[in-house]
There are 2 protein chains.
Amino acid sequence: MAELTPRKQQILATIIELYVATGEPVGSKAICSEMGNSVSSATIRNDMSDLVEIGLLEQPHTSAGRIPSQAGYRYYVDNLMTTYELGIEEQERIKIWLQSFSGEPDKLLEKAGAILAELTDCVAVSSSPSDSEAFIKRIELVPLSNHTAMIVLLATSGILKSAVVRSDTEINVDIAEVFYNITQSYFVGKNVSDITLTFIQTLVASLGDRVFIMSPFLCAISDLCEAVKTTELHLKGQSNILNHPELSDDAFRLMDFLHRGTPLESLLTSQKAPLNVAIGTENSYRELKNSTTIFSKYAVGDKDAGSIGIIGPTRLDYAKLIPSIKYLAGIIGSFLSETLDEE
Amino acid sequence: MAELTPRKQQILATIIELYVATGEPVGSKAICSEMGNSVSSATIRNDMSDLVEIGLLEQPHTSAGRIPSQAGYRYYVDNLMTTYELGIEEQERIKIWLQSFSGEPDKLLEKAGAILAELTDCVAVSSSPSDSEAFIKRIELVPLSNHTAMIVLLATSGILKSAVVRSDTEINVDIAEVFYNITQSYFVGKNVSDITLTFIQTLVASLGDRVFIMSPFLCAISDLCEAVKTTELHLKGQSNILNHPELSDDAFRLMDFLHRGTPLESLLTSQKAPLNVAIGTENSYRELKNSTTIFSKYAVGDKDAGSIGIIGPTRLDYAKLIPSIKYLAGIIGSFLSETLDEE
DNA sequence: CGTTAGCACTCTCGGTAGGTGAGTGCTAAC
DNA sequence: GTTAGCACTCACCTACCGAGAGTGCTAACG
């Protein structure tokens, strides 16, 4: 991108800020008065038509104001934008509100998504921590009734999963002991990716007659290990799509996209940079061609564990949203890492 | 409602079925051919204008076909409709798919809602079992790390809740024992409604120096008891609102209503009959004046524990949806009651 | 050469008019 | 009570007009 004169930069920034605020194409007069009438509207018109020329602005039709193009937003985000953070008291409120869920990663990410949706008026997507290289730290059996028990699995990367198992045989102290012996010797300390079907099968073969009692439990553990590796998504503020008129044509396709699951999941997992802003067709899915996605990874310890971010129209207050998302990702990471340290 | 001649009943039913299928106002000719030309279109026109007269039909404008009024749907549901059940193989699929969650009531209801949304193309709402008269059956402490532990609370009415607690002091065997002594003597067997703030306070007073260690746990238990009493809602298929053109004007208000929480909750809890069909303005919320709600309660043991149902347009295939919802409510009840029996 | 004033031009938007067709309501006959 | 015939109504579509906002261009200015 060629260098722009300072005035053109100022004009571009002004157009974007006005357009983001109003949603209306911005005319030369409006910019003129916004810039304190330091130059005439004719001058601005000249500059604007240059900006259209190089693709940073668009005009919906010949005789309307200008709106930013995707490239215009991109230039703004990369070069012009001056970000402004959340207020201190707002940061504190969020921190306190999230703290109560800091022990339960799934709930924490769900709530963080809800907060983000509220904060941004966009659809918020968050993924619970997952890690295919996580290690099993602990497995507990919690008897609930004579025939049901809860299995709780704690893994590295701040991951906690549980499931309820029903057994045909009565769950008593003996069975619990067998369970602990098996899990201690064969599961705890292992990488969750090693708990494959063949692993379970060879294990089962060596169990002798305890196999019948144990198999539902072993299956459950294998499911839990699978869950540790799997990205679990939380979607919040879906109704916010309807808040943005520029998305209303796509509303149905977007909703459908959000619920299809897999593409959204790969969207999150394919992020490479810690913070990723994809504007319009920069997104790899054509359903998002009129949308912007902003996602930030959060780390547990020093490992990326998941992401949180938003999907909204391209017309967004980038200067405000980007710091908010960064802040949330940071706080999630620190909460989840806390649990980790306390070994 | 005055008695209708058999032919008028047939005309009303035909109009409703055609209108439900196509969404277009139904003309006399269409009815005529649908009824096998047994009478002429003029005759049908006469009958139709009688049906408009008594309020069972409406005409969008003078020269369009007729559509059912709310009262028309009501008459159809009460008198004319012949319901048709889900296919056996579909019932089996649902059963098997839900079975795997039968131990975890919250997940079970969530999945049931997802299935219902899929099945009906409507927004599905389900509530996890809750019961302010439930008794605490069991409380377990699961140590996760030196400073965190999970508390699992099992109550009657098939309710299972858990939370993670962080403690400043190290969680060791001694503390676990103290925990078990306290919960066994003061909590297990009690009605969840008796675990009030004052109860906790008097208990704390009698604890002596163990209070500092125990208070986070006791707070968590009190929160869990609160959760047992609280209706937890699961919303699924929200994007289906956009599938129904007649709701698109209300889409935003509806979405907003769904997310406001409290009114939706009271909608579910205020249901008196086991199955409740509210058409249009029969709903107590004006946001739903163009919608139909169909909700069925499910029972755990012989006690109503929660509800499941849908919110959709008034133009619904009542004959198919009502049995589906009944079936799901029945299966949920039987799964949750199963766990109960196994004491 | 960058900047500015002036002015004709373009295009959207809202409102209005005429034509079309589906479906009705009424009347008179069966 | 039922039916055929026919005039009538009303939404929908298209075309058209006028107003207004904003531009693009040209010529003059410093």
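Side chains are part of it too, since the values below use all heavy atoms of this structure and drop only hydrogens, waters and symmetry mates. Keep in mind that what you see is a predicted model, and the values were worked out from it rather than measured. Below, chains carry the letters A, B, ... as their sequence lines are ordered, and counting in each starts from 1.
In this structure, the NE2 atom of A:H61 is 10 Å from the P atom of D:dT23, given to the nearest Å. Rounded to whole Å, atom P of C:dT24 lies 15 Å from atom CD of B:E58. Atom CG of B:L57 and atom C1' of C:dG23 are 14 Å apart (whole Å). Regarding A:I11, its CD1 atom lies at a distance of 15 Å from the C1' atom of D:dT23, rounded to whole Å. The separation between B:L51 atom CG and C:dG23 atom P is 18 Å, rounded to whole Å. Rounded to whole angstrom, the span from the CD1 atom of B:I44 across to the P atom of D:dA4 amounts to 12 Å. Atom C1' of nucleotide C:dC1 and atom CG of A:D50 are separated by 14 Å, given to the nearest angstrom. In this structure, B:N37 places its CG atom 13 Å from C1' of D:dT3, rounding to the nearest Å.
Looking at which nucleotide of DNA chain D each of B:N46 and A:N46 is closest to, the 5′-most match is held by B:N46. In this structure, B:P60 and A:R66 both approach DNA chain D, and ranking their closest nucleotides by distance from the 5' end singles out B:P60.
For A:R7, the listed nucleotide lying nearest its side chain is C:dT3; candidates were C:dT3, D:dA21, D:dC25. Of the candidate nucleotides C:dT4, D:dG24, C:dT24, C:dT4 has the atom nearest to the side chain of A:T43. For A:R45, the listed nucleotide lying nearest its side chain is D:dC25; candidates were C:dT4, C:dT24, D:dC25. With C:dT24, D:dA21, D:dG24 as the choices, the nucleotide that has an atom nearest any side-chain atom of A:S63 turns out to be D:dA21. In this structure, the nucleotide among D:dT3, D:dC25, C:dT4 sitting nearest to the side chain of A:V39 is C:dT4.
Base contact: B:A42 has a heavy atom under 4.0 Å from a base atom. Using a 4.0 Å heavy-atom cutoff across all strands shown, A:S41 reaches no nucleic acid atom at all.
Salt-bridge annotation for B:K326 and B:E85: absent, with no side-chain N of the basic residue lying under 4.0 Å from a carboxylate O of the acidic one. Ion pairing between a basic and an acidic side chain is recognised when a charged N comes within 4.0 Å of a carboxylate O; A:E110 and A:K236 show such pairing.
One finds no side-chain N or O of A:Q59 lying less than 4.0 angstrom from the OP1 or OP2 phosphate oxygen of C:dC11. A sub-4.0 Å separation between OP1 or OP2 of D:dC10 and a side-chain N or O of B:T62 is present.
Checked against the 6.0 Å centroid criterion, the rings of A:Y76 and A:Y318 do not qualify as a close aromatic pair.
Nucleotide C:dA5 forms a Watson-Crick or G-U wobble pair with D:dT26, both donor-acceptor distances falling under 3.5 Å. Across all strands shown, D:dC16 forms a Watson-Crick or G-U wobble pair with C:dG15, both key distances being under 3.5 Å.
Judged by distance alone, the side chains of B:T269 and B:S266 never bring a donor and an acceptor atom under 3.5 Å apart. Inspection of the B:Y73 and B:D78 side chains reveals no N or O donor paired with an N or O acceptor under 3.5 Å.
A 6.0 Å sphere centred on CD of B:E118 holds no more than 12 heavy atoms belonging to other residues, nucleotides or ligands.
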